[in-house]
Every structure is written in structure tokens, then in C-alpha cells.
Amino acid sequence: MDPHKLCSGKRIPQASIKDNTVNYILHNAYINGQPQAEAVLIVKNSIVHVGSLSNCRHLAGLAGEEIDLGGKCLMPAFTDAHSHFVEYSKSSILVNLLNCNSIEDIATELQRYRAQLSWPAEWILGGGWNRNTLSNPMTLNKTLVDKVFPDLPVALFSRDYHAKLLNSKALEIAGWDQHTPDPPGGRFERMPDGSLSGVLFETATEMIDAYTKDPPNQVMVDSIKDRVQSIYELGLIGFHSMEHQASAQLLRQAQSQGSLFRTCWHFQAGELDRMIAQEKKSYDGDEFFKIGGLKLFGDGSLGSRTAAMYDPYPGDVENRGILRYHDDELYRLMEKAARAGLACTIHAIGDRCVRQIIDATMRLRVEPAYKNLFHRIEHVQSIRLSDIPLLKSSGLFASMQPVHIANDIPMIHQSWGHIKEEAYAFRSMLDAGIPYAFGSDSPIETINP
Ligand SMILES: [Zn+2]
């Protein structure tokens, strides 16, 4: 099939979808999955017939409106299996450092952002910085940000979201200084004199969330509505989104203001007790908004060298990454969720973490009452080849993001060179019959499928 003939971006006007009164006949297209068919008839937003054009016309009666697709390919819209859609939307209104490859670029972008800020900001948020691309990585610290924002607190996440950069004002608000100990599962970076550099890793990055303040509500809802409009062009109409409760509410607000998309919300660990108390269950919801699973972080990332590995990182014999949970702790958390009818959606990048999640899921599977829950493992960027059959028998669904590969190749050579064949073993996993879905992990990578 000629990919240039993909029917991307053709869409039925939204107003008509809402009023349900118009029947559509889509024709003159290669209909994916049914190449013999000439046309598709849509009545009240549902496909009711796929076949000859004359049959579709007959069934549509007078209320049929025909859309000539000009010989392109017609296929169902894509659903992105792993995104952070509100973060992606917010990236259009927050500091965006994704294209900055030097300290000078970052300083310029911060100045530009300050100059164009159009609402009264209480915190400066955003990010996308990547120390791996900087020639002088340690100069990315609070001092750099203080030069542009001496008066406003700033918290900027790293490209992989496993680190954050704060300025002095933010550290002051949080009350953190050289005497603050590292939290379990996290770290405050320290300067040679012991003072905090402003860079935080893993669980330490979450601790600042208690202090930060987002832009005004409607500014954020508008940014979601704008982003939804733009993803239609890419053939996307739905996404799984890993978000906080407040972000899920923004998605619902955008829907209530007429924005059309389907979403499945995977909630954070801090929200588990409330979800249980409210008797929310996985797969509750309607056509447009469903509850997915409890999103857990099993480990860190390759870029931050915090993905939990069997072998130490080259040149750093002490470092095998960070496992966020002990085996039993992870199992008990999954069991608590499962007892309430909630599945788990667990981030695992390193081979040691992947195995930990397989083992916990196998333990859970013994209980027949939990059989109807579909647990997911997110990313699986490395796996011992001998663990692939175990992954299959665990029943876990693999949610993977091929788009990460291109960016990760240099880091794989650097940090995982010794286990190259285990990195992104997608082919071996698919051959083993492991059920899978692809996603973008937007805004970490482009949402364009
Ligand atoms: Zn993600």
C-alpha cells in the first residue's frame, strides 16, 4: 500500500456527529481489512454497512451524505496507548526546552518565555531539558534559572521526567537546603560544597508537586481543546493518559465544552485510597471516558541511569538503578488494588524491574477473583531473553513506545552496551505471543504515530 495514500485527517464535521441526524457514505477508498468493499455507511455515528456503494445508498435513503475519499486508505482511527495528554497540552503554554541543545539555548528560551507570559503566573513550570545533550551538563543548575527568575519559583522537569530542576525561590518555598536528607527512592543533587544544586531525581521530583501551582484552569482547558483539534490530522481520536486526578478533571471539562475524544485514565498511586473509597473500578465509565488502572512506577529511566538493572551501569559499579518497591511491597499494593477491582499499569524500563513485575503479577494470578483484570507493563525497554516466556505466562499486556528507540540508541551504547540484545526486544516479545499496544509517551516524544 502506498503510505502517501493514507486517508489522514479526513473527518466528518463535528457538529453533525453531535446531532446524529446525517448518514454518511464514505466511498472511493481502499477499505483496510475489507479491500473488496466499495463503501462504508455510517448511521448515528456507527458503521452499519460495509459493501457496495449501491447497497449503502439504498440503506441510507434520502438522509445520506456522500464523502469521496479520493482513492485513499480508510482505516479506524488510532488510539495512543500511553500518553500524558494534559502534560502534552500544557507544554504549549509552559516552558518548553525540548529543542534546547546547549546551556545558552536554555537561557534564551527562559528569557523568551518570561517576556511573552500572558497570565499572572504563580509558578513557572514546564521543562524538557536533557543533560545528555549538553557539553557542560553541571552548569544546568539553580543559578542559571535564578538569573531569569529571581522572584518567581521555577520547577522544570527533565526530558524523561525522572529529574527536575528548581531555582532558589522554589527551594526556599519547599524549605530544602544542604541539611535536607535524600528521600527513599530519590536524591537531591549536591554541589561540591554540599549545597543543593536544584536538580532532584526520582521520588524527590514528586515532593515539589505539593507546592507548585498550575496556570489558571480555563487556560489549561483551552490548551487541551487546541491539542485535540490538532491530533485529528494525525489520525488520532483516542488516547490512554497517565495523569493526576486534577488533570483527568481537565480532560472531562474539555469534553463537556464540546471537545471530542476518547480517553482511558490511568490514575496515580496517591489516588488509590480515594478510588477504593469511591468504589471506582477499572473499565468503569462510558464511551468517551474510562478508568484504566493504577499507574505505578517500578523503576526509573535509562537516560537518568535509574532503570533497575541486573548488572551495574558501566563505569558505576555501585549503580544498578532504583527499584521503587520491595518485592512484597509491590505485591501488596497490586493486591490491594485488585481486591477493589482495579488493575495495575506499571512502568518498568530495566530488566530487573521487568522481572519483579512479572513475579508480582504471577503471584496475583493465582487468585481466580482477580482473573478479569488486565494488568499492563509499560515500556519494557529491556528484558532478559530468558524472562520473555515468563512475561507471556504472566498474562501482562506490554505497552511499548517504538518512538523512544531512535533517541535511546546513543544511551543504549553508553549504559546498556553489555546487554544490547536485551534492549527493545520487541520482535522476540511479539514472536512469543505477548499481547501489546504501541503508544507515544507524549510529550516525552512526538504524539504523531
Ligand atoms: Zn509515560
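In this chain, residues are counted from 1 in sequence order. We count ligands from 1, going down the list as the structure has it; atoms in each ligand are counted the same way.
For H82, the N, O or S atom closest to the Zn ion (ligand 1) goes by the atom name NE2.
The Zn ion (ligand 1) forms the vertex of an angle spanning NE2 of H84 and OD1 of D441; to the nearest 10 degrees it equals 90°.
Judged by the 6.0 Å and 45° rule, R227 forms a cation-pi pair with Y88. Relative to the ring axis of Y313, R305 does not place its NZ or CZ within 45° and under 6.0 Å from the centre.
In this model, no donor atom of one side chain and acceptor atom of the other lie less than 3.5 Å apart for H84 and E243.
Using a cut-off of 2.8 Å, one finds that H379 contributes no N/O/S atom close to the Zn ion (ligand 1).
With respect to E335 and R332, no salt bridge is recorded, no charged nitrogen being found less than 4.0 Å from a carboxylate O.
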